[in-house]
Amino acid sequence: MNRALITGGAGFIGSHLVQKLIEKGYDVTVLDNLLEQIHGVYPVKTSPLFCSIKDKVRFIKGDVCDKTLLELALEDVDYVIHLAAETGTGQSMYEIKRYIDVNIGGTALLLDILTNTKNHVKRVAVAESRAIYGEGKYHCEKCGDVYPTERKDEDMAKGDFECHCPKCGGMVTLVATTEDSTIHPSSVYGIGKQVQGQLVHLICKTIGIESVSFRFQNVYGPGQSLTNPYTGILSIFSNRIKSHKCINIFEDGKETRDFVYIDDVVDATIAGMEVPKANGHVFNIGTGVATSVLTVAQTLCKHYGIEVPLTVSGNYRMGDIRHNYADITLAKQILGFKPKWTFDAGIKQFTEWVNCQELQTDNYEASLEEMKQKGLFK
Ligand SMILES: NC(=O)c1ccc[n+]([C@@H]2O[C@H](COP(=O)([O-])OP(=O)(O)OC[C@H]3O[C@@H](n4cnc5c(N)ncnc54)[C@H](O)[C@@H]3O)[C@@H](O)[C@H]2O)c1
Ligand SMILES: [Zn+2]
């Protein structure tokens with residue numbers, strides 16, 4: 001029987017992955033500290049994610065930065081899927097040390113143990129993120145492929161939200177971001193994810209363990225956190241719609257993201273762990289489709305059957321990217337990955353699930369206020 005350790009296995013992606021691995025006959029260990037921001041104050045009773053896995057796995061409650069517990073979790077394991085992380089992009093900009101300690105420090109400790117103690121781990125898979133690319137890839141008629149850096153405050157204040165060519169300042173066309181695109185994260189979270197991937201590939205190669213990393217786009221679906229105000233526009237917009245409150249659509253609403261349904265992410269992750277040829281590769285995992293934020297709000301309203309005012313406000317957050325969608329050719333070729341869920345079909349599943357959940361306290365305005373005070377929101 002294959003044995004897998006999933007760090008962060010009580011989280012959104014982890015808990016779905018656990019279910020699928022168990023169906024496939026894996027023996028699963030989970031190491032997770034049941035972070036309050038994700039699981040609430042009484043996770044053992046009230047976290048649906050944790051409750052969905054707790055009787056099915058060997059569960060170790062603890063921090064990935066705790067050497068004794070991580071060593072215990074690694075006993076007799078063949079595969080490690082390292083998902084445990086602090087996941088709030090905005091929050092990472094003012095809780096810098098915590099994000100670096102957990103995301104980079106936890107990965108460093110894992111690799112230290114694999115390097116210095118006897119084990120029979122065959123492959124380590126780690127979650128990077130599309131956040132490592134910052135702005136996606138663009139094409140300039142004059143300069144070819146370009147990677148715009150952070151947009152200027154003075155342009156955005158004038159309502160000019162699109163990226164410009166970083167070389168000639170001219171107009172650029174958005175294209176799908178390939179894995180060999182320039183890496184230039186625009187958040188502390190993104191920097192951490194980049195380093196996690198680099199560390200895993202470098203050290204695993206040195207010690208003869210296989211490695212794979214995934215650059216997930218925006219993963220969504222039933223079970224995602226509705227309580228964490230720092231991540232997930234789907235959760236935030238859902239809370240607002242279900243509370244019959246208006247939605248502040250930032251910028252001009254035409255900014256886009258690539259939303260990938262959880263079941264597709266689970267399939268890609270398992271293929272990444274199992275397919276021999278995947279060793280040593282970095283994979284973009286998305287749908288390859290760019291969806292605008294305004295479309296997101298409208299699709300949610302449609303599936304909830306609730307109309308709320310959608311105010312395109314021109315507000316913006318420094319450090320936010322304008323667009324990024326994945327080129328998934330490599331995952332198609334090597335992993336046989338093919339996203340099965342369209343955005344509309346996935347959102348239908350998501351809203352049906354949200355309708356069965358308790359309505360969350362709306363922390364959205366408070367979190368915007370917090371960001372405003374730190375000068376990150378205009
Ligand atoms: N969901 C997405 O859209 C997305 C996109 C790109 C990358 N990722 C990455 O995928 C991974 C999983 O994401 P998710 O959406 O399931 O996040 P999540 O926040 O739902 O899950 C993370 C889990 O890690 C646990 N955790 C946090 N800090 C820990 C620590 N110090 N020790 C032990 N456990 C800890 C949390 O309790 C939680 O259960 C993360 O590494 C994340 O960066 C997610
Ligand atoms: Zn140019």
Side-chain angles (χ1 to χ4, degrees), residues 5-18 30-40 43 47-50 52-53 59-66 69-70 73 81-89 91-92 98-99 101-107 109-110 125-133 138-148 163-173 187 189-190 192-194 196-197 200 213-221 223-228 230-235 257-262 265-266 269 284-286 324 326:
L5 164 64
I6 307 182
T7 71
F12 169 48
I13 297 174
S15 59
H16 285 83
L17 184 62
V18 164
V30 167
L31 174 67
D32 196 301
N33 68 352
L34 301 178
L35 200 66
E36 185 182 325
Q37 194 165 293
I38 305 295
H39 298 279
S47 166
L49 293 179
F50 174 58
S52 72
I53 62 149
F59 185 77
I60 303 171
K61 181 175 187 294
D63 201 302
V64 279
C65 300
D66 181 324
L69 290 181
L70 190 51
I81 305 181
H82 183 42
L83 301 179
E86 295 277 354
T87 52
T89 308
Q91 193 178 36
S92 77
R98 181 152 76 94
Y99 272 72
D101 283 351
V102 172
N103 294 6
I104 298 182
T107 307
L109 181 62
L110 169 69
V126 63
E128 299 185 30
S129 167
R130 60 113 184 130
I132 73 163
Y133 297 120
Y138 292 76
H139 190 78
C140 170
E141 295 249 303
K142 255 206 234 155
C143 313
D145 286 343
V146 289
Y147 303 93
C163 294
H164 300 279
C165 175
K167 292 184 181 157
C168 72
M171 300 255 290
V172 284
T173 319
S187 64
Y189 170 75
K193 289 278 127 190
Q194 170 188 352
Q196 282 189 270
V200 165
S213 62
F214 306 104
R215 293 176 185 162
F216 297 135
Q217 286 282 337
N218 296 63
V219 188
Y220 74 100
Q224 76 177 68
S225 172
L226 296 173
T227 50
N228 182 351
Y230 299 96
T231 52
I233 66 163
L234 295 184
S235 305
R257 297 291 182 273
D258 181 340
F259 293 92
V260 57
Y261 191 65
I262 181 68
V265 167
V266 166
T269 306
N284 282 339
I285 305 298
N324 186 340

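Indexing begins at 1, ligand by ligand and atom by atom, following the structure's order. Just so it is clear, the structure is predicted and the values come from calculations on it, not from any experiment.
Contact annotation for E128 and ligand 1: only backbone heavy atoms (N, CA, C, O) come within less than 4.0 Å of the ligand.
With contacts defined as side-chain heavy-atom distances shorter than 4.5 Å, the pair S235/Q224 qualifies. In this structure, L5 and L31 have side chains that are in contact, with non-hydrogen atoms separated by less than 4.5 Å. Taking the side chain as every heavy atom from C-beta outward, I233 and F259 approach each other to under 4.5 Å.
Set against the non-hydrogen atoms of G62, the atoms of ligand 1 under 4.0 Å away are 32 (N), 33 (C). Close approach of ligand 1 to L35 (heavy-atom distance below 4.0 Å) involves ligand atoms 27 (C), 36 (C), 37 (O). Within ligand 1, counting atoms from 1 as listed, the ones closer than 4.0 Å to a heavy atom of Q217 are 3 (O), 5 (C), 6 (C). Each of the atoms 40 (C), 41 (O), 42 (C), 43 (O) of ligand 1 lies under 4.0 Å from some heavy atom of K193. Residue L34 approaches ligand 1 through these ligand atoms, each under 4.0 Å from one of its heavy atoms: 37 (O). The ligand atoms of ligand 1 that sit less than 4.0 angstrom from a heavy atom of N218 are 3 (O). Interface atoms of ligand 1 facing T87, defined by a heavy-atom separation under 4.0 Å, are 17 (O), 19 (O), 40 (C), 42 (C), 43 (O). Numbered from 1 in the order shown, with element, the atoms of ligand 1 that lie under 4.0 Å from a heavy atom of A127 read 9 (C), 10 (O), 11 (C), 41 (O).
Side-chain atoms of Y133 never come within 3.5 Å of backbone atoms of Y147 as a donor-acceptor pair (strictly under, hydrogens ignored). The backbone N or O of A84 sits less than 3.5 Å from a side-chain atom of T7, completing a donor-acceptor pair. Using modelled atom types, no side-chain atom of N103 and backbone atom of K193 make a donor-acceptor pair closer than 3.5 Å. A donor-acceptor contact shorter than 3.5 Å is absent between the side chain of S15 and the backbone of L49. Not one N or O on the side chain of D258 forms a donor-acceptor pair closer than 3.5 Å with the backbone of Q217.
The shortest N/O to N/O separation between A84 and ligand 1 does not fall below 3.5 Å. An N or O contact shorter than 3.5 Å links G11 to ligand 1 by distance. No N or O atom of I38 sits closer than 3.5 Å to an N or O atom of ligand 1. Residue contacts with ligand 1: Y189 is placed with a nitrogen or oxygen under 3.5 Å of a nitrogen or oxygen of the ligand (distance criterion only). Of the polar atoms of L31, none of the N or O atoms is found under 3.5 Å from an N or O of ligand 1, judged by distance alone. For H39, a nitrogen or oxygen atom sits less than 3.5 Å from a nitrogen or oxygen atom of ligand 1, counting backbone and side chain alike. Taking distance alone, with nitrogen or oxygen atoms compared against 3.5 Å, F216 stays at or beyond that limit from ligand 1. Of the polar atoms of S129, none of the N or O atoms is found under 3.5 Å from an N or O of ligand 1, judged by distance alone. Looking at E86 next to ligand 1, no N or O pair under 3.5 Å apart turns up. For ligand 1, none of its N or O atoms has an N or O atom of V102 under 3.5 Å away.
The residue from L234, D66, V219 that puts a heavy atom closest to atom 4 (C) of ligand 1 is V219. When G232, A73, G8, G106 are ranked by how near their heavy atoms come to atom 24 (O) of ligand 1, first place goes to G8. Selection from V126, N33, T89, I60 by nearest heavy atom to atom 29 (C) of ligand 1 gives N33.
Nearest heavy-atom pair, S47 versus H39, reported as atom, atom and distance to 0.1 Å: OG-ND1, 2.8 Å. Nearest heavy atom pair, residue L234 against residue Y220, reads CD1-CB, 3.2 Å.
How far CG of N324 is from OG of S129: 9.0 Å, rounded to the nearest 0.5 Å.
A side-chain donor from one of N218 and R130 sits under 3.5 Å from a side-chain acceptor of the other.
At a cut-off of 2.8 Å, measuring from the Zn ion (ligand 2), the protein N, O or S atoms that fall short of it are C140 SG, C143 SG, C165 SG, C168 SG, waters left aside.
At least one heavy atom of A10 sits closer than 4.0 Å to an atom of ligand 1.
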